[in-house]
Amino acid sequence: MALSRGLRCCQRAFAWLPVLIIALVVLWSYYAYVCELCLVAYLIIFHILFVLFVWTYWKSIFTLPVQPGKKYHMSYADQERYENEERPEVQRQILAEIARKLPVYTRTGNGGIRFCDRCQLIKPDRCHHCSVCAICVLKMDHHCPWVNNCIGFSNYKFFLLFLAYALLYCLYIAATVFKYFIKYWTGELTNGRSKFHVLFLLFVAVMFFVSLMFLFGYHCWLVSRNRSTLEAFSAPVFQNGPDKNGFNLGFVKNLQQVFGEEKKLWLLPIASSQGDGHFFPMRALCEAQNPLLANEEQWEDDGIDEEPHVNSSLFLVTFYLEVNEL
């Protein structure tokens, strides 16, 4: 017992190593740019980007992932009834009875209710269990070792802004340092100590910029389609089968899902995402309100994707039947 507890403590401490590396690199970049190079003409914009970068990184790290509410946890009686039942089909019926009272519309691959046997709860739509955090996370995207945190509903906006400001921070450093790199390279400036900082500032900035560019671009594409990283690899399954566009409401509404409706808060690491992470609007409801949307999505999918389409009409009928049962 003591050995396993010690190993867990070591594992938790080791998990902070990537964060420590990033923190040291950022601190060194600040020292090299401000103290060693002292490029006064560029310091105002540099500090604005630096503050936004550090602020969003801090929020990504220390904003705790949100877990499902109490109503999604099984009661003691239901838990006992479920565990004492050995027949899988009866267990599925028990879960279906419990889920009938909840706004849950996604299913497992075989059509069953999504249930976490470790947390003993019915999973809300887009919720997944993180094996690293050992909890179920609302709208889980992925577990990021560089922030030592699970990226989900509570901090996905902060993570996107962190990537954006980190990208701008690296681009700004590379752009403003490049001409001094050329001067040192051609021998116009001979300060050896500053030459070292200029060389490595440019190298590190360009290296991180290239990496972040691909990562940020990928997450921008995910936001435009209203998908998480997990959903991009495995399409969410509804009552009528898998549908990779099940939560796609259109570009503007997809942005509002993450950033909220107040545009003045979009670029600030302040919580503004829509909803509480337990329920998300689905494409079927939007198609009912605007039938043209279904035709537009059909044309788009016919031109780009070759995967079979979900029968929206049947799914819509099933959706309303469940709402009426609630």
Side-chain angles (χ1 to χ4, degrees), residues 65-143 150 152-153 226-249 275-288 307-326:
V66 180
Q67 303 179 54
K70 290 184 179 180
K71 68 178 182 179
Y72 291 87
H73 289 76
M74 294 181 71
S75 66
Y76 178 77
D78 289 334
Q79 186 176 342
E80 192 174 47
R81 185 161 61 106
Y82 178 81
E83 291 178 349
N84 291 336
E85 181 57 60
E86 297 180 355
R87 292 169 293 178
E89 63 276 7
V90 179
Q91 287 183 328
R92 290 182 61 178
Q93 291 177 2
I94 294 172
L95 293 178
E97 291 176 8
I98 301 171
R100 193 173 291 122
K101 306 172 186 177
L102 301 170
V104 175
Y105 302 100
T106 53
R107 298 292 185 260
T108 61
N110 59 6
I113 300 298
R114 299 171 64 243
F115 175 71
C116 180
D117 55 355
R118 284 165 288 189
C119 298
Q120 292 293 301
L121 56 81
I122 304 292
K123 293 180 182 178
D125 295 342
R126 314 185 81 175
C127 174
H128 298 274
H129 185 89
C130 177
S131 58
V132 179
C133 298
I135 58 173
C136 281
V137 179
L138 293 179
K139 196 189 175 185
M140 179 179 173
D141 188 86
H142 69 287
H143 185 92
C150 208
F153 173 78
N226 203 353
R227 299 177 195 169
S228 66
T229 300
L230 294 175
E231 291 166 353
F233 285 97
S234 178
V237 180
F238 297 88
Q239 293 180 356
N240 201 40
D243 183 3
K244 57 186 175 58
N245 290 317
F247 297 105
N248 190 350
L249 308 176
D276 60 359
H278 290 88
F279 173 78
F280 297 90
M282 289 170 284
R283 185 173 57 141
L285 185 58
C286 291
E287 290 175 358
E307 297 181 20
H309 302 287
V310 176
N311 189 322
S312 299
S313 300
L314 181 58
F315 176 64
L316 181 59
V317 172
T318 309
F319 172 77
Y320 277 115
L321 287 176
E322 285 209 13
V323 171
N324 292 329
E325 289 178 3
L326 294 176

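On a predicted model such as this, the values are computed, not experimentally measured, just so you know. Throughout, numbering of the chain's residues begins at 1 and tracks the sequence.
- Rounding to the nearest 0.5 angstrom, the gap separating the CD1 atom in Ile113 from the CD atom in Gln93 is 12.0 Å.
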Going by atom type alone, with no hydrogens or angles, which donor-acceptor pairs under 3.5 Å involve a side-chain atom of residues 128-141 and a protein atom two or more places apart or on another chain?
from, atom 1, to, atom 2, distance (Å)
Asp141, OD1, Thr229, N, 2.9
Asp141, OD1, Thr229, OG1, 3.3
Asp141, OD2, Thr229, OG1, 2.7

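- Asp78 is linked by a side chain to side chain contact (heavy atoms under 4.5 Å, CB included) to Met74, Ser75, Arg81, Ile98, counting only residues two or more places apart in sequence or in another chain.
- Partners of Arg87 under the side-chain hydrogen bond (donor to acceptor under 3.5 Å, both in side chains) rule, at least two apart in sequence or in another chain, are Glu85.
- Distance check: Arg92 CZ to Asn110 CG gives 4.5 Å after rounding to the nearest 0.5 Å.
- Annotation: ring pair (Phe, Tyr, Trp, His ring centres under 6.0 Å) contacts of Phe115 (sequence neighbours excluded): Tyr82.
- Of the options Phe153, Tyr72, Tyr105, a ring pair (Phe, Tyr, Trp, His ring centres under 6.0 Å) to His278 is made by Tyr72 and by none of the others.
- Of the inter-residue distances, the one linking Asp243 atom CG with Asn248 atom CG reads 9.0 Å to the nearest 0.5 angstrom.
- For His142, the ring pair (Phe, Tyr, Trp, His ring centres under 6.0 Å) partners two or more places apart in sequence, or in a different chain, are Phe159, His219.
- Crowding of Glu86 atom CD: a count of heavy atoms from other residues, nucleotides or ligands under 6.0 Å not exceeding 12.
- Separating the CZ atom in Arg114 from the CG atom in Leu121 is a distance of 10.0 Å, to the nearest 0.5 Å.
- Looking at residues two or more places apart in sequence or on another chain, you find no side-chain hydrogen bond (donor to acceptor under 3.5 Å, both in side chains) involving Asn84.
- Listed by first and then second residue, the salt bridge (Lys or Arg N to Asp or Glu O under 4.0 Å) pairs involving residues 117-134 are Arg126-Glu231 (not counting sequence neighbours).
- Below 30°, between 30° and 60°, or above 60°: for Phe247 and Phe280 the angle between ring planes is above 60°, a perpendicular geometry.
- Between His73 and Pro68, the closest heavy-atom pair is CE1-O, 3.5 Å.
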